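Structure, as structure tokens:
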Amino acid sequence: MNRFGSAQERIQQLRDEIDRHNQLYYVLDDPQIPDSEYDRLLRELQGLEAEHPELITPDSPTQRVGGTPLKAFNQVQHRLPMLSLDNAFSEEEFASFARRVKERLGSDSEIRFCVEPKLDGLAVSLRYEVGILVQAATRGDGSQGEDVTHNVRTIPSIPLRLLGEDWPQILEVRGEVFMPKAGFERFNQQARRLGEKEFVNPRNAAAGSLRQLDPQITATRPLDMFCYGFGEIEGGNLAQSHSASIGRLKQWGLRTSPELKTLTNLEQCASYFEQIAARRDGLKYDIDGVVFKVDSLADQEQLGFVARSPRWAIARKFPAQEELTTVESIEFQVGRTGAITPVARLKPVFVGGVTVSNATLHNMDEVAKKDIRVGDTVFVRRAGDVIPEVVRVLVERRAGDVAPVQLPAHCPECNSDIIKPEGEAVARCSGGLYCSAQRKQAIKHFASRRAMDIEGLGDKLVDVIVDNGMVQDLAGIYSLSHAQYAGLERMGDKSAENLIQALEKSKHTTLARFLYALGIREVGEVTAAALASHFCKLEAVKQAESNDLSTIEGIGPIMAEHIIAFFRQSHNLEVIQKLLDVGVHWDEVEAPAVETQILSGKSFVITGTLSRPRSEIKDELQAMGAKVVGSVSKKTDYLLAGSDAGSKLAKAQGLGITVLDEDGLRWLLDSF
Ligand code: 5U1
């Protein structure tokens, strides 16, 4: 050990360096060495400790995962109770809380609040003595929790030893242990692959992971922690305000919320709440509201607490995203391509900010897997703009003998046979355009904005013209007269006139839009555009063979089969001919000259929250010749990442792919 002095000195150097890089990586989000370099430091430390086991200390970064599983959890008495928060469910309730705070403090001026999102995880208290993590405990009943030190030590972002030296001799820190959404998805994917039990949500996953007797298991779970409060403090001080005290935690290597802010009036508080609510789905972790704390620690002390909640803090909650309700019936809907989708009709329930009375059950495999039956009490979830879903059944509330749901033998709309090919999850009505439900969906898709863009031909109108037997196929919409449209319920002369004009206008389209509008199974806009620019002529697309199609990026064998099958059906060819006969046409497609396409051959992935809709940016990139695909791979040239970019960003960084923000993209385009 000449180069580094004694082994002991080098061990200490390595530990300091590793701890510093942990802080840079986990707390400051500013990694300064590649993972390989970090691993090298850790391996060197492991090697030296193996040579000198007498120098191993429990706070060494090599000692996160303990050896033997526990037999049971010990109880921990919290020296200061772990408080819970009162809730406010509206702006008015929050305003009353702020008013009460002002009255109690006898203050005329605005109160300064320290605010941050409320994580949906598990509250944990960490105890550091002389800078070393000595105990971690769950909240339990607030007075007594369980000792989970062995598991908490495995969470890489929690320091085993605080950085710096100015920490109190005894420092209890409270916060939330959580599983980030991406880690949760990854964990459940793996559980599915291995046929193991999945977790219902990230909160349960975090709780289940901390309640393991064997820390080796916890060590495999992607857990993290944000610290937000304090317990016992002795032999040192924090700061004058809550926000500054949280800032000190950060300096000592603990992770705190990156969204933490201090605000000085009610409008700012309301606006922060709205902004966080709007960004909720894009955050990397689940939250269920926003916590507001009086920032001055002196004011906190003066306000004190009642029962188990401080008078100086409140959680303003988002509307619940999960509620219980009952399944009143299960019906079957027919989609554009004949797919039969079971739908649960629910007793209306207010969840995620709206009243929900229907939830898609996706397919019969899903119904069987979740064992959903009529009359069941179920958890319904609606998060953000996501379609409501039945998460699980409360089987213990099932009344008596209710039979499992059966797939009907015949289409509920046209009575044609329902066919479920072996090994496929989706059952389909075999009626094709004879089935009025399929005809309606096909026309709605044909008329939609990104297809033929027929303004005024809305869903209700399509239902009426199909139900009245006025159109038998896509071309039928062009054959109805002004008088026929004007004669329909709620369609005046003027609306019919506008509709006829819109129909006329739609006849001049592009080959790409036309191919998309035909509704070929699995052919979305990107594939339709690729087909148009590859084949240039409709006739060539119609004749395409599987070996031609498979040379096009994004078209796999199954999609190729759907395309070929579509153009082999004589009734599809007849409809296409009728559309051409009524005057649908497009400008000749010219294969773009390579030099005019500045992004030709470049592959992009778009992720995160951007300043404009993704579809708009995607259209622009495609217009410049780029391919825009959904997932990052070695073939990706650029990742365009907005805020809150998640696993795609991490993957791109791991693969050394160029990551651009919106300014970076502009710069790139300007540079051509
Ligand atoms: N973000 C945050 N969550 N949370 C939960 N802050 C916060 N503060 C809490 C709780 C129970 O309690 C304070 C009284 C420290």
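Please read all numbers here as calculations on a predicted model, not as lab measurements.
Contact check for Thr341 versus Leu361: no side-chain heavy atoms found under the 4.5 Å cut-off. By the 4.5 Å heavy-atom criterion applied to side chains, Ser430 and Ile418 are not counted as neighbours. Proximity of Lys618 to Val526: side-chain heavy atoms (C-beta onward) are separated by under 4.5 Å at one or more points. Contact check for Phe604 versus Ile617: no side-chain heavy atoms found under the 4.5 Å cut-off. The shortest side-chain heavy-atom distance between Met364 and Pro342 falls under the 4.5 Å cut-off. Using a 4.5 Å heavy-atom threshold, the side chains of Val356 and Val354 count as touching. At least one side-chain heavy atom of Ile520 sits less than 4.5 Å from a side-chain heavy atom of Phe567. In this structure, the side chains of Leu640 and Val628 stay at 4.5 Å or more apart for every pair of heavy atoms.
Side-chain atoms of Gln472 come within 3.5 Å of backbone atoms of Gly469 as a donor-acceptor pair (strictly under, hydrogens ignored). In terms of modelled atom types and a separation under 3.5 Å, the side chain of Arg450 and the main chain of Ala517 share no donor-acceptor contact. Without hydrogens or angle criteria, Asn204 side chain to Asn201 main chain gives no donor-acceptor distance under 3.5 Å. Formation of a donor-acceptor pair under 3.5 Å by the Lys181 side chain with backbone atoms of Asp286 is not found in this model. Side chain of Lys118 to backbone of Lys317: no donor-acceptor contact under 3.5 angstrom is found. No donor-acceptor pair closer than 3.5 Å links the side chain of Arg316 to the backbone N or O of Phe89. With hydrogens and angles ignored, the 3.5 Å screen pairs a side-chain donor or acceptor of Asn572 with a backbone N or O of Phe566. Checked by atom type and distance alone, the side chain of Arg398 never pairs as donor or acceptor with a backbone atom of Val393 at under 3.5 Å. Of the possible polar contacts, one joining the Thr551 side chain to the Asp548 backbone as a donor-acceptor pair under 3.5 Å is found. Within the 3.5 Å criterion, the main-chain N or O of Val402 finds a donor-acceptor partner in the side chain of Arg373.
A donor atom on one side chain and an acceptor atom on the other are not found under 3.5 Å apart for Thr377 and Arg397. Judged purely by distance below 3.5 Å, without hydrogens or angles, the side chains of Gln438 and Thr337 never pair a donor atom with an acceptor atom.
Note on Asp467 versus Lys440: salt bridge recorded, some NZ/NE/NH1/NH2 to OD/OE distance being below 4.0 Å. The pair Glu620-Arg612 meets the salt-bridge criterion, since a charged nitrogen lies less than 4.0 angstrom from a carboxylate oxygen. A salt bridge is absent between Asp473 and Arg439: the closest approach of a Lys/Arg side-chain nitrogen to an acidic carboxylate oxygen does not fall below 4.0 angstrom. Note on Glu322 versus Arg381: salt bridge recorded, some NZ/NE/NH1/NH2 to OD/OE distance being below 4.0 Å.
The salt bridge (charged side-chain N to carboxylate O under 4.0 Å, His left out) search around Lys542 returns Glu539, not counting sequence neighbours. Evaluation of the side chain to side chain contact (heavy atoms under 4.5 Å, CB included) rule for Tyr285 yields Leu119, Phe178, Phe226, Pro258, Glu259, Leu283, Ile287 as partners, not counting sequence neighbours. Every residue two or more places apart in sequence or in another chain that forms a side chain to side chain contact (heavy atoms under 4.5 Å, CB included) with Glu522 is listed here: Ile558, Met559, His562. For His482, there are no ring-ring contact (aromatic ring centres under 6.0 Å, His included) partners two or more places apart in sequence or in a different chain. Remark: Lys537 engages Glu588 in a salt bridge (charged side-chain N to carboxylate O under 4.0 Å, His left out) (not counting sequence neighbours). Residues satisfying the salt bridge (charged side-chain N to carboxylate O under 4.0 Å, His left out) test with Glu328, not counting sequence neighbours, are none. Among residues two or more places apart in sequence or in another chain, the ring-ring contact (aromatic ring centres under 6.0 Å, His included) test is passed with Phe187 by Phe199. Annotation: side chain to side chain contact (heavy atoms under 4.5 Å, CB included) contacts of Lys627 (sequence neighbours excluded): Glu553, Ser603. By the side chain to side chain contact (heavy atoms under 4.5 Å, CB included) test, Asn363 is found to be paired with Asp365, Glu366, Ala425, residues two or more places apart in sequence or in another chain being considered. For His362, there are no ring-ring contact (aromatic ring centres under 6.0 Å, His included) partners, not counting sequence neighbours. For Lys444, the salt bridge (charged side-chain N to carboxylate O under 4.0 Å, His left out) test picks out Asp463, with sequence neighbours left out.
Closest non-hydrogen pair, Leu346 versus Ala359, comes out as CD1-CB, 3.9 Å. The shortest heavy-atom contact between Ala528 and Val523 is N-CG1, 3.8 Å. In plain terms, the two heavy atoms of Val349 and Leu324 that are nearest each other are CG2-O, 3.8 Å. Of all non-hydrogen atoms in Cys429 and Val334, the two that sit nearest each other are CB-CG1, 4.1 Å. The two residues Val605 and Gly630 come nearest to each other via the heavy atoms CG1-O, 3.9 Å. When all heavy atoms of Lys370 and Val390 are compared, the pair lying nearest together is NZ-O, 2.8 Å.
Counting non-hydrogen atoms of other residues, nucleotides and ligands closer than 6.0 Å to CD of Glu662 gives a total above 12. For Glu396, the CD atom sits in a packed shell: over 12 heavy atoms of surrounding residues, nucleotides or ligands are nearer than 6.0 Å. For Glu489, the CD atom counts as loosely surrounded, since its 6.0 Å shell holds 12 or fewer non-hydrogen atoms of other residues, nucleotides or ligands.
Among the candidates Glu504, Glu497, Lys505, the single residue satisfying the side chain to side chain donor-acceptor pair (under 3.5 Å) test with Gln501 is Glu497.
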Checklist entry - Step by step, would you call Val378 with Thr325 a side chain to side chain contact (heavy atoms under 4.5 Å, CB included)? => result CA-CA 6 Å; Val378 290; Thr325 187; 4.2 Å; yes

Next on the checklist: Working note: Ile564 + Ser546, criterion side chain to side chain contact (heavy atoms under 4.5 Å, CB included); need CA distance, chi angles, decisive distance, verdict.
Outcome noted: CA-CA 7 Å; Ile564 293 168; Ser546 144; 3.8 Å; yes

Next on the checklist: I'd like to know whether Arg345 forms a side chain to side chain contact (heavy atoms under 4.5 Å, CB included) with Ile330, so could you lay out the CA-CA distance, the side-chain angles of the two residues, the decisive distance to 0.1 Å, and finally the verdict.
Outcome noted: CA-CA 6 Å; Arg345 304 286 176 216; Ile330 293 180; over 6 Å; no

Next on the checklist: Checking Ile576 against Leu538 for the side chain to side chain contact (heavy atoms under 4.5 Å, CB included) test, could you report, in this order, the C-alpha distance in whole Å, the side-chain angles of both residues, the deciding distance, and whether it holds?
Outcome noted: CA-CA 10 Å; Ile576 290 174; Leu538 175 62; 3.8 Å; yes

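With values rounded to the nearest 0.5 angstrom, Ile477 atom CD1 is found 6.0 Å from Tyr485 atom OH. Rounding to the nearest 0.5 Å places CG of Leu461 at 6.0 Å from CG of Leu488.
Evaluation of the ring-ring contact (aromatic ring centres under 6.0 Å, His included) test over residues 441-481, restricted to residues two or more places apart or in two chains, returns His445-Tyr516.
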